[in-house]
Amino acid sequence: MTKFIQPIGPIKLVSFEQISNLNFQEVIYTLFIFISILLFYLVMHKISKLVISRTPGYKKDDEKVPIYHCFSIIAVSSLLMTFGWSMELIKGIIFLQILFYASVSDIQTHEVKDFVSVLIFVTGFIGINIIDIPMKLLGGFAIGGMLLICAMVSKNKLGGADVKISAACAFVLGFQKGIAGLIIGLFLAIICNIYFSHKSHTKGKAFPLVPYLSIGFMAMYFI
């Protein structure tokens, strides 16, 4: 059976009348938005690059660096699509970059500096209502206290940085979102630890918990 290709109709050229009917203000606005987004991603890439280069144990030729950049761009894009150009976007980017720094630091050195928790705590004051501060503080203390008890019971198998970062994130998110983010992070950590321990026979060795906690807390920021 012979198949015939349908001929393409004549291509119509754009006439001068069609060009003249374009709204000049809309064209300028669209061009402005495009340039703004382009500059936004350029700045985010520079910030991400700076954050990664400042983490302890950073090596320029580390094969994981491109993966870090990809995760950062995906997360920033998600923030932009969710919150648009708003204060929530700015707060989310700051929150993301601090957690990003903590996660990379934990992956590379299994340590996170104390100032990271302080920066997360300070971030919680961005765009916050004064009347919400007491409840957010209570949520942070509650989650931090629970994890501190767990750390003592488990003979410090849970790191001090994990406790402080979780408490600070609970202040940013509130108690309900904080506890949900903690559960998500711990669940991911358990699943991934089981998988990697069987795959590479690293059972019993220390593994970075902050990256998993960061995923959980950052996920709850979108809700």
Side-chain angles (χ1 to χ4, degrees), residues 5-55 58 60-105 115-116 118-133 136 168-169 171-174 176-178 180-181 184 211 214-223:
I5 300 176
Q6 296 296 329
I8 300 175
I11 299 175
K12 297 181 179 180
L13 299 176
V14 179
S15 64
F16 178 77
E17 289 77 10
Q18 289 176 315
I19 296 176
S20 62
N21 290 332
L22 291 175
N23 190 318
F24 182 73
Q25 291 182 346
E26 291 182 358
V27 173
I28 294 298
Y29 178 75
T30 303
L31 185 61
F32 172 75
I33 294 297
F34 176 77
I35 294 175
S36 299
I37 293 175
L38 186 63
L39 291 175
F40 172 77
Y41 276 103
L42 180 61
V43 171
M44 288 300 100
H45 175 70
K46 294 293 184 181
I47 293 176
S48 175
K49 187 176 180 180
L50 178 63
V51 169
I52 294 173
S53 64
R54 297 295 181 182
T55 53
Y58 167 76
K60 189 175 181 179
D61 56 347
D62 191 340
E63 59 183 13
K64 294 191 294 292
V65 171
I67 299 176
Y68 297 151
H69 285 298
C70 289
F71 273 114
S72 178
I73 293 300
I74 291 172
V76 168
S77 299
S78 300
L79 286 169
L80 181 59
M81 289 187 292
T82 303
F83 300 105
W85 305 105
S86 63
M87 183 60 69
E88 287 80 8
L89 173 65
I90 297 174
K91 183 176 182 178
I93 290 173
I94 296 173
F95 188 44
L96 168 67
Q97 294 301 331
I98 297 172
L99 289 177
F100 192 53
Y101 175 91
S103 299
V104 176
S105 179
F115 74 86
V116 172
V118 177
L119 290 178
I120 295 174
F121 178 75
V122 173
T123 302
F125 286 96
I126 299 177
I128 193 175
N129 293 324
I130 297 178
I131 58 175
D132 294 332
I133 294 178
K136 285 183 175 289
C169 289
F171 173 73
V172 175
L173 301 171
Q176 292 183 342
K177 289 185 178 182
I184 293 172
S214 297
I215 292 174
F217 291 129
M218 201 65 221
M220 294 310 300
Y221 184 82
F222 288 91
I223 299 176

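Small disclaimer: the values here were computed from a predicted structure and weren't measured.
In this structure, V116 and A102 approach most closely via the heavy-atom pair CG1-CB, 3.7 Å. The nearest pair of heavy atoms linking V76 to Q97 is CG2-NE2, 4.3 Å.
Considering CG of L42 and CD1 of I35, their distance stands at 13.0 Å, rounded to 0.5 Å. The OG1 atom of T123 sits 11.0 Å away from the CG atom of L96 when rounded to the nearest 0.5 Å. Rounded to the nearest 0.5 Å, atoms OH (Y41) and OG (S36) are 12.5 Å apart. Remark: C169 SG to L99 CG distance equals 4.5 Å, nearest 0.5 Å. Note that CD1 of I52 and CZ of F100 are 4.0 Å apart. Values are rounded to the nearest 0.5 Å. To the nearest 0.5 Å, atoms CZ (F40) and CD1 (I33) are separated by 12.5 Å.
Between I90 and I126, every side-chain heavy-atom pair lies at or beyond the 4.5 Å cut-off. A 4.5 Å side-chain heavy-atom check between F125 and I133 finds at least one atom pair inside the cut-off. Using a 4.5 Å heavy-atom cutoff, the side chains of F121 and V172 are not in contact. Side-chain contact check for T30 versus F34: every heavy-atom pair is 4.5 Å or farther apart. The shortest distance between side-chain heavy atoms of Y101 and L50 does not fall below 4.5 Å.
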Would you tabulate the side-chain donor-acceptor contacts of residues 214-223 under 3.5 Å, counting partners in other chains and residues two or more places apart, or write 'none'?
residue	atom	partner	partner atom	Å
S214	OG	S103	OG	2.9
S214	OG	V210	O	2.8
Y221	OH	E88	O	2.6
Y221	OH	G92	N	3.1

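The number of heavy atoms from other shown groups lying within 6.0 Å of CD1 (I130) does not exceed 12.
With hydrogens and angles ignored, the 3.5 Å screen pairs no side-chain donor or acceptor of S48 with any backbone N or O of M44.
For the side-chain contact (heavy atoms from CB on, under 4.5 Å) test, residues two or more places apart in sequence or in another chain that qualify with S105 are P56, T109. Under the rule for a salt bridge (Lys or Arg N to Asp or Glu O under 4.0 Å), the partners of K64 that lie at least two apart in sequence or sit in another chain are D62.
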